[in-house]
Asks: 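Questions regarding the structure given below will be posed in turn.
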Amino acid sequence: MHDKALGDPLGAEAAELRGAGAEAIMRKWLRRIRGALGMGFTWAAAWFAVGFVPRWVFGVYTDLPLPLLFGALGFIAGVTFSGLLVLTESRRRLDQLSLPRVAGWGAIGGVLLSALFVRGASLGWGEVLAISTTFALASAVSASGSLALARRAVRRELPDSRGDTAEAELTGHEKRNLRGGAD
C-alpha cells in the first residue's frame with residue numbers, strides 16, 4: 001500500500017529493466033537473423049557463379065538455368081549453416097572457430113540440404129549418394145571461405161574505429177579481467 005502512495009517506484013524500475021532486457025534480446029535475435037540472411041546471400045552469389053561452370057565447360061543446357069538453381073540452393077545452405085552455428089557455437093564469433101570445425105558444420109549443413117533436396121525428388125541410391133557428397137563438399141568449402149572472409153575482415157578492422165559502439169559487448173573473460181579477475 002505504501003508503494004502505491006509513492007507511485008510504485010520499485011515496480012516501475014523493475015518493469016523498465018525487464019523492457020531493457022527484452023529489447024536487448026530482440027536486438028540479439030535481429031542481429032542473428034541479419035547475419036543468417038547475409039550468409040545466405042553470400043553463399044547464393046558464390047554458388048550462382050559456380051552454376052555457370054556446367055554450361056560453359058560441359059555445354060549442359062537445362063530448362064531451369066543452373067546458376068539460378070545453384071544460387072537458390074546456396075542461399076538455403078548458407079542460412080542452414082548459419083542456423084547450425086547459432087545452435088552449436090553461439091558463444092563464439094565466426095572468426096574464433098577453427099577451420100576443421102567450421103568445415104564440419106558446413107558439411108553437416110550440406111547433408112541436411114541434400115536431405116531436403118532428395119526428399120523433393122524421386123532419386124535412386126546412387127543419385128542420393130552423389131548429391132549428398134556434392135552438397136556436403138560444396139557447403140564445407142563455402143563454410144571455410146566464410147571463415148577466411150571473417151578472419152580477413154577482423155584483420156582489416158582498425159583498432160581505433162569510430163563505428164557504432166552501442167552494440168559492442170564484452171565477453172565474459174573480458175568482464176572478469178576488467179573487474180580484476182574476481183567472479
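Keep in mind it's a predicted model, so treat the numbers as computed, not measured.
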Asks: State plainly whether one hydrophobic cluster holds both L68 and V53, where clusters connect Ile, Leu, Val, Met, Phe, Trp and Tyr through side-chain heavy atoms under 4.5 angstrom apart.
Replies: no
Asks: What are the two closest non-hydrogen atoms of A36 and V79, and how far apart are they?
Replies: O-CG2, 3.6 Å
Asks: Just to verify, what does R101 make a salt bridge (charged side-chain N to carboxylate O under 4.0 Å, His left out) with, not counting sequence neighbours?
Replies: E89
Asks: Looking at residues at least two apart in the chain, or sitting in another chain, which of them share a side chain to side chain contact (heavy atoms under 4.5 Å, CB included) with T134?
Replies: none
Asks: Tell me whether F41 shares a hydrophobic cluster with L30, the cluster being built from Ile, Leu, Val, Met, Phe, Trp, Tyr side chains joined at under 4.5 Å.
Replies: no
Asks: What heavy-atom pair brings G109 and S139 nearest, and what distance separates the two atoms?
Replies: C-OG, 4.5 Å
Asks: State, to 0.1 Å, how close R151 and L97 come at their nearest heavy-atom pair, and which atoms those are.
Replies: NH2-O, 2.7 Å
Asks: Once rounded to the nearest 0.5 Å, what's the spacing between atom CZ of F81 and atom OG of S142?
Replies: 9.0 Å
Asks: Can you name the nearest heavy-atom pair linking S144 to V102, along with the distance?
Replies: N-CG1, 4.2 Å
Asks: Hydrophobic clusters here meaning ILVMFWY residues chained together by side-chain heavy-atom distances under 4.5 Å, can you tell me if L137 and I76 are in one?
Replies: no
Asks: Of all residues at least two apart in sequence or in a different chain, which pass the ring-ring contact (aromatic ring centres under 6.0 Å, His included) check with W56?
Replies: F52
Asks: Provide the closest heavy-atom pair for V86 versus R32 in the form atom of the first, atom of the second, distance.
Replies: CG1-NH1, 3.8 Å
Asks: Give me each pair satisfying side chain to side chain donor-acceptor pair (under 3.5 Å) with a member in residues 59-68, each pair once, sequence neighbours excluded.
Replies: none
Asks: Please give me the minimum heavy-atom distance between F48 and P67, naming the atom from each residue.
Replies: CD1-O, 3.0 Å
Asks: Provide the full list of salt bridge (charged side-chain N to carboxylate O under 4.0 Å, His left out) pairs with a residue in residues 122-134, sequence neighbours left out, each pair given once.
Replies: none
Asks: Just to verify, what does T80 make a side chain to side chain donor-acceptor pair (under 3.5 Å) with, not counting sequence neighbours?
Replies: none
Asks: Test of understanding: with side chain to side chain contact (heavy atoms under 4.5 Å, CB included), list the residues that count as partners of A107, not counting sequence neighbours.
Replies: A136, A140
Asks: Same hydrophobic cluster for L116 and L87, using side-chain heavy-atom links shorter than 4.5 Å among ILVMFWY?
Replies: no
Asks: What's the spacing between T88 OG1 and I108 CD1 if we round to 0.5 Å?
Replies: 8.0 Å
Asks: Could you state whether V128 and L113 fall into the same hydrophobic cluster, counting links through intermediate Ile, Leu, Val, Met, Phe, Trp or Tyr residues with side-chain heavy atoms under 4.5 angstrom apart?
Replies: yes
Asks: How would you list, by chain and number, every residue that makes a ring-ring contact (aromatic ring centres under 6.0 Å, His included) with F70, sequence neighbours excluded?
Replies: none
Asks: L69: which residues meet the side chain to side chain contact (heavy atoms under 4.5 Å, CB included) condition with it, sequence neighbours left out?
Replies: L64, L66, L73
Asks: Pairs in or reaching into residues 102-132: which pass ring-ring contact (aromatic ring centres under 6.0 Å, His included), with residues at least two apart or in two chains?
Replies: F117-F135
Asks: Residues two or more places apart in sequence or in another chain: which of them pass side chain to side chain contact (heavy atoms under 4.5 Å, CB included) with L129?
Replies: T133
Asks: Any side chain to side chain donor-acceptor pair (under 3.5 Å) involving residues 36-46? Give me the pairs, sequence neighbours left out, ordered by first then second residue.
Replies: W43-S146
